[in-house]
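Here the structure is laid out as structure tokens; the discussion comes afterwards.
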Number of protein chains: 2
Amino acid sequence: MNQTIETLLQHRSIRSFTDERLTKEEIHTIVEAAQMASTSSYMQAYTIMGITDEEKKAELAQITGQDYVQNNGHLFIFCADLHRHQVKATDTEKEEMIANIENTEHLLVSAIDATLAAQNGAIAAESMGLGMCYIGSIRNNISRVDELLNLPQHVIPLFGMVVGHPKSKPEQKPRIPQEGIYFENEYKTDQSKALDQFDNKIKAYYESRSQNARKDTWTDQMIRRFSKPMRMDVTTHVQQKGLNKR
Amino acid sequence: MNQTIETLLQHRSIRSFTDERLTKEEIHTIVEAAQMASTSSYMQAYTIMGITDEEKKAELAQITGQDYVQNNGHLFIFCADLHRHQVKATDTEKEEMIANIENTEHLLVSAIDATLAAQNGAIAAESMGLGMCYIGSIRNNISRVDELLNLPQHVIPLFGMVVGHPKSKPEQKPRIPQEGIYFENEYKTDQSKALDQFDNKIKAYYESRSQNARKDTWTDQMIRRFSKPMRMDVTTHVQQKGLNKR
């Protein structure tokens, strides 16, 4: 196994960091690696924000409910961005572009582009011995995050990424068995066996782990999670920003 | 610079492969690495398809207009998947889950989860000396790809990924300068300078490259691309599959 695959397989989300800030060089390398990810038809349809302003970080920590959004080596926010492509366009050209800017296809394109970049950044960070964690909970109040970052039309914040020097090394969380997530040629709707197997593993994992031990299975956890409507306002926000409208 | 960052920075999309197929072990490692990527609230909201059926590959090559979709070491298709979470749910529970399954938030969650996994898989492949290329053009006919893979409700194909032994090593494509894509604390709407700089670079790149030399800039290319409405049917397809409906 090579070093890179070892890094990939060793991943765990880090939620506790020392006070050490990332250096300018480290930030530069993470962004550089992020940018070298593949991008749909060369669109580079994303923007990476770095948040250093302490007041903004404090408010983001409050929105996400996570103190490590404030206390970390560096806080990134990855945005889907279809503004950049219009900067040099005339008004007539902008009108011609709007059907694509506003459709679901390009919401997907920009979300995919941002995520490819983010994951390259995450791996670059981990390969340097840093730890990281994605922060989907910035979407707890997506409109306020939009205001904080002063985002124009056709740009939406997708998720944060905290990076820093790890203060702890949590256990790795098991994954669904490969036969439950990788199918050849045809989708396999009967996933009961793989999910039972996974639930047994997860039950043992939750009972045995050193912190926050509990009785639970993955399927129960998912059913509970999905049963409470959450972030229903993301729909409206995205449309108000001129994306996913048609 | 460590080996992993070198791999990330050396990326170029490979569109021409030898006849050598990936081994079972290579496919296993790519999927294993993919699964170890971060996942939103442990949802693992994606499925990875491997396409080995020659007839399906031929039709996918025709849909995408790319012969390397047929001729490669292995063809993956990454799908956003919110079906799995309902497999063990009762009908009453399914009813309670539907508001989340159907909202834009969870279309984003599943697209992001699938993409994080894919990029881990891509990097694992590249670290083994393999080449890869994403195939967004499976969305040229998303409904037909859905049929070919026999996908249930709440699962949509996002993009393909071809992997194989590279037959050529194309030039790297430059990226937007860091100051045009990475902003601290506040979004910078005035991107003219960075884009001018990038356009000059791209002009030189297109004029000088060994294959398909042409006169073009990035901003012109984007304006042209966005001016022709494309894949407008993705919206309807996604909604017919029960996603992004509210």
Side-chain angles (χ1 to χ4, degrees), chain A residues 2-5 7-9 11 31 33 35-36 38 40 44 48-50 52-53 85 87-89 93 96-97 99-100 103-105 108 111-112 115-116 119-120 124 127 134 136 149-152 175-176 178 182-187 189 191 195 219 222-223 226-227 229 231-232 234-235 238, chain B residues 2-5 7-9 11 31 33 35-36 38 40 44 48-50 52-53 85 87-89 93 96-97 99-100 103-105 108 111-112 115-116 119-120 124 127 134 136 149-152 175-176 178 182-187 189 191 195 219 222-223 226-227 229 231-232 234-235 238:
Chain A
N2 68 50
Q3 189 92 56
T4 300
I5 292 177
T7 299
L8 297 174
L9 297 184
H11 167 75
V31 175
Q35 285 199 260
M36 282 317 298
S38 295
S40 315
Q44 307 174 71
I48 309 174
M49 305 288 305
T52 54
D53 181 289
H85 312 83
V87 169
K88 294 279 179 181
E93 283 167 339
E96 286 168 358
M97 295 167 82
N100 279 322
N103 70 12
T104 301
E105 160 70 8
L108 288 174
I112 290 166
T115 308
L116 293 173
Q119 187 57 8
N120 255 24
S127 78
Y134 286 113
L149 306 183
N150 205 10
L151 301 179
R175 295 296 192 258
I176 292 169
Q178 226 178 85
Y182 176 71
F183 310 129
E184 285 208 344
N185 296 314
E186 253 187 67
Y187 191 91
T189 40
Q191 301 174 3
L195 290 179
T219 50
M222 290 304 125
I223 291 168
F226 276 94
S227 294
R231 301 179 192 156
M232 300 300 289
V234 166
T235 308
V238 171
Chain B
N2 67 51
Q3 188 93 55
T4 301
I5 292 176
T7 300
L8 298 173
L9 297 185
H11 167 74
V31 175
Q35 285 199 259
M36 282 317 298
S38 294
S40 316
Q44 306 173 72
I48 309 174
M49 305 287 306
T52 54
D53 181 290
H85 312 83
V87 168
K88 295 279 179 179
E93 284 167 340
E96 286 168 358
M97 296 168 81
N100 279 321
N103 69 13
T104 301
E105 160 69 8
L108 288 174
I112 290 166
T115 309
L116 293 173
Q119 187 57 7
N120 256 25
S127 78
Y134 285 113
L149 306 183
N150 205 10
L151 301 179
R175 295 294 192 258
I176 292 169
Q178 229 179 82
Y182 176 71
F183 309 130
E184 286 208 345
N185 295 314
E186 253 187 68
Y187 191 91
T189 39
Q191 301 175 4
L195 291 179
T219 51
M222 291 303 125
I223 291 167
F226 275 94
S227 294
R231 302 181 191 154
M232 299 300 288
V234 166
T235 308
V238 172

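What you see is a predicted model, and the numbers here were worked out from it, not measured in a lab. We name chains A, B, ... by the order of the sequence lines, and we start the count at 1 in each one. Only heavy atoms go into these numbers, but all of them, side chains included; no hydrogens, no water, no symmetry mates.
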Show the nearest heavy-atom pair for residues [X] and [Y], with the distance to one decimal.
X: B/Ala89; Y: B/Met97; answer: CB-SD, 3.9 Å
X: A/Leu8; Y: B/Ala33; answer: CD1-CB, 3.9 Å
X: A/Ser127; Y: B/Thr4; answer: CB-CB, 3.6 Å
X: A/Gly136; Y: A/Arg231; answer: O-NH1, 3.5 Å
X: B/Gly50; Y: A/Tyr182; answer: CA-OH, 3.4 Å

(request) Sort B/Asn185 into side chain, backbone, both or neither according to what part of it lies under 4.5 angstrom from a heavy atom of chain A. (result)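 Contact with chain A is through both the backbone and side chain of B/Asn185.
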(message) Can you tell me which portion of B/Leu149 sits under 4.5 Å from chain A's heavy atoms? Options are side chain, backbone, both or neither.
(response) both
(request) Under 4.5 Å, counting heavy-atom pairs only, tell me which of B/His85, B/Glu105, B/Glu186 racks up the most with chain A. (result)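 Of the options given, most contacts go to B/Glu105.
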(message) Between B/Glu93, B/Glu96, B/Lys88, who has the most heavy-atom pairs with chain A when the cutoff is under 4.5 Å?
(response) B/Lys88
(message) Suppose we screen for ring-ring contact (aromatic ring centres under 6.0 Å, His included). Which residues come up paired with B/Tyr187, at least two apart in sequence or across chains?
(response)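 Per chain and number, B/Tyr187 pairs via ring-ring contact (aromatic ring centres under 6.0 Å, His included) with A/His83, B/Phe183.
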Please rank [options] by heavy-atom pairs under 4.5 Å with chain B and give me the top one.
options: A/Arg175, A/Glu184, A/Met222; result: A/Arg175
options: A/His11, A/Met36, A/Gln3; result: A/Met36
options: A/Asp53, A/Val238, A/Leu108, A/Thr52; result: A/Thr52
options: A/Leu9, A/Thr189, A/Leu151, A/Thr7; result: A/Leu9
options: A/Leu116, A/Val234, A/Thr219, A/Leu195; result: A/Leu116
options: A/Asn2, A/Ile48, A/Asn103; result: A/Ile48

(message) Main chain of A/Ile176, side chain of B/Gln44: is a donor-acceptor contact present, judged purely on distance under 3.5 Å?
(response) yes
(message) Is there a side-chain contact between B/Thr115 and B/Gln119 in this structure, where contact means two heavy atoms from C-beta onward sitting under 4.5 Å apart?
(response) no
(request) Check each atom of A/Asn120 against the heavy atoms of chain B and say whether the ones under 4.5 Å are side chain, backbone, both or neither. (result)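 Both the backbone and the side chain of A/Asn120 come within 4.5 Å of chain B.
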